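Contents: one structure, followed by commentary.
Remember, it's a predicted structure, so these values are computed and weren't measured experimentally.
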Amino acid sequence: MCHMYYAYILYSPSKDQFYKGYTGLTPLQRLERHNLQHSASTKSGVPWKLVFYKTFDSKSEAIKYERFLKRQRNRSFIESLIASDENEFIR
């Protein structure tokens, strides 16, 4: 079995903000690390909720998609992506 990588989106209800990232951990493992305040960039938004992820076979593909997500400044685009079939996260 090959290693999987993920691009993901977290949501902070307290800040009403999204955070986009990529990881080689599972998305839920990465969420736990964010909520344990292991990342300076997300400490102030705890607790975060996982709202989206997409799986990739390579780290470079996941990073490329993360960059695409970070370029999206339109909140309605992110919200529609979360609601789309592209979202592999089962709520």
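Counting all heavy atoms, side chain and backbone alike, Glu79 lies closest to Phe18 at CG-CZ, 4.1 Å. Across Lys15 and Ser44, no two heavy atoms sit closer than the pair NZ-OG, 2.9 Å. Residue Ala62 comes nearest to Ala7 through the heavy atom pair O-CB, 4.0 Å, listed as atom of the first residue, atom of the second, then distance. Nearest heavy-atom pair, Ser14 versus Gly45, reported as atom, atom and distance to 0.1 Å: OG-O, 3.6 Å. The heavy-atom pair separating Leu50 from Ile9 by the smallest distance is CD1-O, 3.8 Å. What you find for Tyr6 and Thr55 is that their closest heavy atoms are CE2-OG1, 3.3 Å.
In this structure, Leu31 and Tyr8 have side chains that are not in contact, with every pair of non-hydrogen atoms separated by 4.5 Å or more. Residues Trp48 and Tyr19 meet the side-chain proximity criterion, which asks for heavy atoms closer than 4.5 Å.
Checked against salt bridge (charged side-chain N to carboxylate O under 4.0 Å, His left out), Lys20 has no partners two or more places apart in sequence or in another chain. A search for salt bridge (charged side-chain N to carboxylate O under 4.0 Å, His left out) contacts involving Asp16 returns Arg75, not counting sequence neighbours.
Within the structure, salt bridge (charged side-chain N to carboxylate O under 4.0 Å, His left out) pairs that include any residue of residues 26-36 do not occur (at least two apart or interchain). Residue pairs that meet the salt bridge (charged side-chain N to carboxylate O under 4.0 Å, His left out) test with at least one member in residues 42-54, sequence neighbours left out, are Lys54-Glu86. Residues in residues 56-66 take part in these salt bridge (charged side-chain N to carboxylate O under 4.0 Å, His left out) pairs, two or more places apart or across chains: Glu66-Lys70.
By the rule that hydrophobic residues join a cluster once side-chain heavy atoms approach within less than 4.5 Å of another member, Tyr65 and Leu25 end up as members of separate clusters. Tyr5 and Phe89 fall into different hydrophobic clusters, where Ile, Leu, Val, Met, Phe, Trp and Tyr side chains are chained together by heavy-atom contacts under 4.5 Å.
Counting only distance, with no hydrogens or angles, the side chain of Asn35 and the backbone of Val46 share no donor-acceptor pair below 3.5 Å. Looking at His34, its side chain never comes within 3.5 Å of a backbone N or O of Thr42 through a donor-acceptor pair.
Note that CG of Leu69 is 7.5 Å distant from CZ of Phe77, once rounded to the nearest 0.5 Å. Rounded to the nearest 0.5 Å, atoms OG1 (Thr26) and OH (Tyr53) are 8.5 Å apart. Atom OG of Ser39 is separated from atom CG of Leu10 by 9.5 Å, given to the nearest 0.5 angstrom.
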After noting the C-alpha distance and the side-chain angles of Gln17 and Ser12, does the key distance pass the side-chain hydrogen bond (donor to acceptor under 3.5 Å, both in side chains) rule? CA-CA 5 Å; Gln17 284 185 345; Ser12 168; over 6 Å; no

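In the hydrophobic clustering (ILVMFWY side chains linked at under 4.5 Å, chained through shared members), Ile63 is joined by Tyr22.
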